[in-house]
Amino acid sequence: MMTQKTNVNCQTIQELKKSSECHLEHIFECGQCFRWNKYEDGYIGVAGGKVVYAYEKDDVICLEGAKEEDKNFWWEYFDLGRDYGEIKRELEKDEILKEAIKYGYGIRILKQEPFETLISFIISANNRIPMIKRAVENISIRFGDRIEFRGMEFYAFPTVEQLARATVGDLEDCGTGFRAPYIAEAVRKIIDEKIDLEEIKKLDTDEAMKKLMEFKGVGPKVADCVLLFSMQKFDAFPVDVWVKKIMQKFYLAPDVSLNKIRQFGKNKFGDLAGFAQQYLFYYARENKV
DNA sequence: TCCCAGGACTACT
DNA sequence: AGTAGTCCTGGG
C-alpha cells in the first residue's frame, strides 16, 4: 500500500549526489543513527514513524515508500537545505580534515527526533553500535507502533507515553543492561517535570547541554550527541573513543583528557565542530587510527 | 575461561 | 579538579 515511488526528493538529491554531497552509506554508517539497515541496493530505515527504502540508482537517490505529504519531513530529516560543499570547503583548510572528508564525502547530519535520540544515546554509553541497534530495535518492537512495508514488519520508536509503560525489567529484557534504570528515570522525569525537549532545543548550546545532563546516564558525550543529532547544535563536539584517538594522534598529546579534547575541538572548528566531528569519527573508525 | 571494548556514575582524593 | 572502580553484554 505504500510502495509507490516518490519523486519529491529525487530531483534534489540527484543534484546533491553529483556534487558528492549525499552518499547513503556514509550518512548511515558514521555513527549518528541506529535504525537504518542495509537492504538490497540501499537501506531501509524508520524515522518519524515512517519507513522508507532509500537507494541510489545511477545518479539518483530514491525514497521508496515516502508519501507526498511527508516530503517536507524527509527534506528536513536529510538536512537538504544545507550546503555541505560550503562546509567542506571551509573545513578542508585543515589538512587532517581534508583527508577525513575524502573518506566521508557524502556525510550529512540527520535531523532526528530528540526523544528517540536521547534514549538511544543513553543506551550508547559504554556500548557497541550493533548492541545499541539491537536494544533500540527491541524497545521499538515492544513499545512502538507497528508499520508494514513491503510485506515486512517495522516498528516506530515509542513515544514518551508509550515508553512510560515499560518497567525497568522490560527495558533490561530489551538488552539495555545497566542503562535500563536511566531510561526509566528519563521517561519519568520528562513526564513528571513536564519537560519539553523542543523547548530545550531553543536554548543556546551550553544551556541546552546543562539541561540534558540533568538526566541520569547523560554525560558530556551523550549530551553532545543529542545536541548535534537532534537539536541542530552544530557547535557540539562529541568525543568518543575514535574521535579521542584521532585527536590525540594528529592534534594533541596522547594523554590529553576528554574534556580538553572537547574544548579544543569546539575552539578549533567553532560553528562547524559537529560536522568536523562526523568526518573525523568516520575516518578514524574506517582506518582504525 | 578469561579478557576486552565502550561512557557515566559514585566515591574517593 | 581529577581519577579508580563498577555497571552489562557479546565476541575474540
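Just so we're on the same page: letters track the sequence lines, and every chain starts at 1.
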Atom pair distance, as rounded to whole Å: [atom1] in [X] and [atom2] in [N]:
| X | N | atom1 | atom2 | result |
| --- | --- | --- | --- | --- |
| A:F178 | C:dG10 | CZ | P | 13 Å |
| A:L212 | B:dA8 | CG | P | 12 Å |
| A:R179 | B:dT10 | CZ | P | 16 Å |
| A:K133 | B:dG6 | NZ | C1' | 17 Å |
| A:I183 | C:dC8 | CD1 | C1' | 12 Å |
| A:E185 | B:dC9 | CD | C1' | 12 Å |
| A:R262 | B:dG7 | CZ | C1' | 14 Å |
| A:N259 | B:dA8 | CG | P | 12 Å |

Legend entry - A:Y84/A:F275 aromatic ring centres below 6.0 Å: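 When the ring centroids of A:Y84 and A:F275 are compared, they turn out to be within the sub-6.0 Å range.
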Inset, instruction - Compare the minimum distances between each of B:dA8, B:dG6, C:dC7 and the side chain of A:A125, then state the nucleotide with the smallest one. - result: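 Nearest to the side chain of A:A125 among the choices is B:dA8.
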Inset, instruction - Ignoring the backbone of A:R134, work out which of C:dC8, B:dG6, C:dG10 is nearest its side chain. - result: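 Nearest nucleotide to the side chain: C:dG10.
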Inset, instruction - Flag the pair A:R188 and A:E185 as a salt bridge only when some basic side-chain nitrogen lies within less than 4.0 angstrom of an acidic carboxylate oxygen. - result: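 Here A:R188 does not pair with A:E185 in a salt bridge, since their nearest N and O are not under 4.0 Å apart.
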Inset, instruction - Respond yes when some side-chain nitrogen or oxygen of A:R128 is under 4.0 Å from OP1 or OP2 of B:dC4, and no when none is. - result: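 No, because none of the side-chain N or O atoms of A:R128 sits under 4.0 Å from OP1 or OP2 of B:dC4.
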Legend entry - Any donor-acceptor N or O pair under 3.5 Å, side chains A:D79, A:Q232: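 The answer is no; no qualifying pair exists.
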Inset, instruction - Measure the acute angle between the ring planes of A:H23 and A:H26, then classify it against the limits of 30° and 60° as parallel, tilted or perpendicular. - result: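 Aromatic pair A:H23/A:H26 classed perpendicular.
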Legend entry - Along DNA chain B (nearest heavy atom to each residue), the more 5'-positioned of A:N127 and A:K216: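 This one resolves to A:N127.
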Inset, instruction - Select from A:E172 and A:K260 the residue whose nearest nucleotide in DNA chain C is closer to the 5' end of that strand. - result: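 Closest to the 5' end, via its nearest nucleotide, is A:K260.
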